[in-house]
Amino acid sequence: MKRQLLALALASGLSYSSLPFADSLSDAISKDYDSHLGELFVYFHQNPELSFMEHKTAARLAAELRDTGFEVTEGIGGTGLVAILENGPGPLVMMRADMDGLPVEEKTGLEYASTAKQTDPDGNEVFVMHACGHDVHITSLVGTARQMMARRDQWSGTLMLIGQPAEERISGAEAMMEDGIWERFGQPDMAMAFHVTSAVPTGKLSAAMGAAYSGGDTVEIIVHGIGAHGAAPHAGVDPVVLGSQIVLALQTVVSRTLPPRDAGVITVGAFHAGTKNNIISDRAHLKLTVRNDDPATRELLLDGIRRVAVNMGRVAGLPDDKLPEVIVSDESVPVTANDLAMTERLRGVWKTRFGDDVLWDKKRKAMGSEDFPFFTTEPYIPSTYFAVGGTPPEAFSAAAAGGEPVPSHHSPLFKIAPEPAVTLGVEATVVGLMELMGK
């Protein structure tokens with residue numbers, strides 16, 4: 001009978017969630033938000049902690065998951081945790097949520113705004129804020145655990161929930177991998193994660209077919225010069241001028257060597273040189289971020305940076321032992337590449353559940369990075385990283401009409417509408433897990 005009702009509803013243009021028997025999950029999540037998750041979100045929002053310092057956050061998250069019935073192990077990769085629920089034969093599926101906040105003073109004016117401070121690794125006391133929505137992620141993880149436990153008769157397999165530290169430093173996932181997470185708890189057959197976003201309206205989901213986030217590299221260029229008096233530039237080689245030429249020439253790597261329809265970014269974020277106005281120094285230091293959406297583009301960009309920097313040094317007349325040095329940091333992160341088959345499967349079930357218009361398929365306009373692929377790249381694990389809308393549609397309408405723009409992530413004004421973000425995050429995750437693990 002249910003299948004007949006579903007077929008009739010779809011033929012009539014109705015969504016799966018409009019049917020009476022499909023409302024039980026939505027109703028349960030809504031009631032759970034009112035009775036538990038809403039208060040939990042406020043706790044997490046008011047008590048943010050810096051990367052690898054998420055001690056209270058991890059302890060509260062662990063306690064919540066234990067109370068639900070999961071077996072929880074703490075201290076993985078520092079402050080990370082793994083929660084396991086074995087529920088018969090079937091796949092091992094992982095769902096991850098990141099926990100850390102940012103050294104930002106909150107200025108949203110919300111009644112539950114963070115006033116928390118913490119001493120950072122350099123010994124500085126700083127304000128801390130959940131300026132990227134990780135409070136939504138961990139609250140939703142608890143909500144997901146509670147719904148999956150209540151529906152154990154509807155799925156089979158092992159569910160692994162991960163509370164990950166230090167995503168903001170692009171190092172927490174790698175730390176958990178180095179701590180032997182798969183060897184200790186089993187390698188997942190599939191993996192999921194989501195990020196709440198202020199760039200997508202509440203009620204909408206985004207799941208890219210391909211790159212959900214870009215790969216990133218940190219690069220430094222040491223520009224050697226020959227020092228001289230500022231009034232006698234002919235007596236030296238000025239690293240400030242040479243460094244400036246390198247900065248400008250680097251832009252041609254993207255504009256003239258990267259195919260026009262491929263994505264790539266080279267940004268010089270810092271340029272340090274000299275100590276006094278009348279001294280030509282003998283050194284300049286450039287700091288770059290480099291972004292890509294596939295390994296071939298990454299190699300093209302890094303090779304181009306080396307070629308430009310070294311040969312501009314030759315143009316300046318530097319000897320071989322003083323040519324610029326290009327240093328690619330170990331702090332690189334792979335592309336967050338969604339598995340096409342898995343993502344298509346989840347997109348289909350989400351459209352069935354929420355309606356065809358639930359998916360927000362506009363192209364990304366920036367090339368932000370994530371450390372989630374450290375879990376899924378080597379070894380390869382099919383995964384889907386999706387986004388949940390966090391900003392009410394009326395805020396976008398007001399901004400378009402000339403009002404205040406929607407605050408971006410990492411802004412002191414960043415805020416999310418918690419109830420629609422958390423409840424949709426939980427429901428989309430549970431629906432996805434049921435698709436992957438359902439009986």
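Side-chain atoms are counted along with the backbone in the values below, which use heavy atoms only and exclude waters and symmetry mates. Being a predicted model, the structure only gives us computed values, none of them experimental. When a residue number appears, it is its place in the shown sequence, counting from 1.
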Just verifying a value: how many Å separate [X] [atom1] and [Y] [atom2], rounded to the nearest 0.5 Å?
X    : Y    : atom1 : atom2 : answer
M192 : I162 : CE    : CD1   : 13.0 Å
L302 : D217 : CG    : CG    : 5.0 Å
M148 : Q154 : CE    : CD    : 9.0 Å
Q147 : S24  : CD    : OG    : 9.0 Å
T139 : L40  : OG1   : CG    : 4.5 Å
N47  : Q118 : CG    : CD    : 10.5 Å

Quiz item: Which residue, H130, H45, H195, forms the ring pair (Phe, Tyr, Trp, His ring centres under 6.0 Å) with H137?
Solution: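 Result: among H130, H45, H195, H195 is the only option passing the ring pair (Phe, Tyr, Trp, His ring centres under 6.0 Å) with H137.
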
Pair [X]-[Y], side-chain donor/acceptor within less than 3.5 Å:
X    : Y    : value
R364 : S206 : no
E106 : S114 : no
S214 : D293 : yes
E427 : S26  : yes
H224 : E325 : yes
E370 : T336 : no

Applying the side chain to side chain contact (heavy atoms under 4.5 Å, CB included) criterion to [X], which one of [options] satisfies it?
X    : options          : answer
T429 : V431, L433, V426 : L433
I181 : M176, M94, Q187  : M176
I221 : V308, L250, V247 : L250

Practice problem: Kindly determine whether L50 and V126 satisfy side-chain contact (heavy atoms from CB on, under 4.5 Å), including the steps that lead there. | Solution: CA-CA 10 Å; L50 298 173; V126 297; 3.9 Å; yes

Tell me if the [atom1] atom of [X] is crowded by more than 12 foreign heavy atoms within 6.0 Å.
X    : atom1 : result
Q251 : CD    : yes
K362 : NZ    : no
E344 : CD    : no
E86  : CD    : no
D330 : CG    : no

Self-check item: Where R291 and S369 come nearest, the two heavy atoms and their spacing
Solution: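 Heavy-atom minimum between the residues: NH1-OG, 3.2 Å.
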
Quiz item: Minimum heavy-atom separation for R151 to A28, with atom names?
Solution: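 So the minimum-distance heavy-atom pair works out to NH2-CB, 3.9 Å.
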
Please table the atom pairs, donor to acceptor, closer than 3.5 Å between any side-chain atom in residues 410-421 and protein atoms at least two apart or in another chain.
| residue | atom | partner | partner atom | Å |
| --- | --- | --- | --- | --- |
| H410 | NE2 | E168 | OE1 | 3.2 |
| S411 | OG | L413 | N | 3.0 |

Quiz prompt | Criterion side-chain contact (heavy atoms from CB on, under 4.5 Å) on S383 and F375, from CA distance to verdict | solution = CA-CA 9 Å; S383 63; F375 288 126; over 6 Å; no

Self-check item: Stepwise salt bridge (charged side-chain N to carboxylate O under 4.0 Å, His left out) check, D34 with K31
Solution: CA-CA 5 Å; D34 291 340; K31 291 176 181 177; over 6 Å; no

Answer whether the closest heavy-atom distance between the side chains of [X] and [Y] falls below 4.5 Å.
X    : Y    : result
F374 : I170 : yes
M437 : N87  : no
L81  : F70  : no
E64  : I138 : no
L61  : V142 : yes
D100 : H134 : yes
M149 : R152 : yes
M434 : L25  : no

Practice problem: Give the C-alpha distance, both sets of side-chain angles, the deciding distance and a yes or no for salt bridge (charged side-chain N to carboxylate O under 4.0 Å, His left out) between E435 and R345. | Solution: CA-CA 8 Å; E435 169 66 16; R345 182 179 174 188; 2.9 Å; yes

Quiz prompt | side chain to side chain donor-acceptor pair (under 3.5 Å) partner of R347, the single match among D361, T384, N338, T352 | solution = D361

Quiz prompt | Quiz item: cation-pi between R169 and F52, 6.0 Å / 45° | solution =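 No cation-pi geometry.
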
Quiz item: What orientation do W350 and F386 show, parallel under 30°, tilted 30 to 60°, or perpendicular over 60°?
Solution: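 Ring orientation of W350 relative to F386: tilted.
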
Practice problem: List for me each residue that meets ring pair (Phe, Tyr, Trp, His ring centres under 6.0 Å) alongside F372, sequence neighbours excluded, and say none if there are none. | Solution: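 Partners of F372 by the ring pair (Phe, Tyr, Trp, His ring centres under 6.0 Å) criterion, ordered by chain and then number, come out as Y385.
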
Practice problem: Quick one: list whatever passes side chain to side chain donor-acceptor pair (under 3.5 Å) with S332, sequence neighbours left out. | Solution: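 In terms of side chain to side chain donor-acceptor pair (under 3.5 Å), with neighbours along the sequence ignored, S332 is linked to no residue.
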
Practice problem: I would like to know whether R66 and E74 meet side-chain contact (heavy atoms from CB on, under 4.5 Å); could you show each step before the answer? | Solution: CA-CA 11 Å; R66 281 197 187 97; E74 298 176 71; 3.0 Å; yes

Practice problem: Might you work through the side-chain contact (heavy atoms from CB on, under 4.5 Å) test for T197 and H409, ending with a clear yes or no? | Solution: CA-CA 8 Å; T197 174; H409 292 246; 3.8 Å; yes

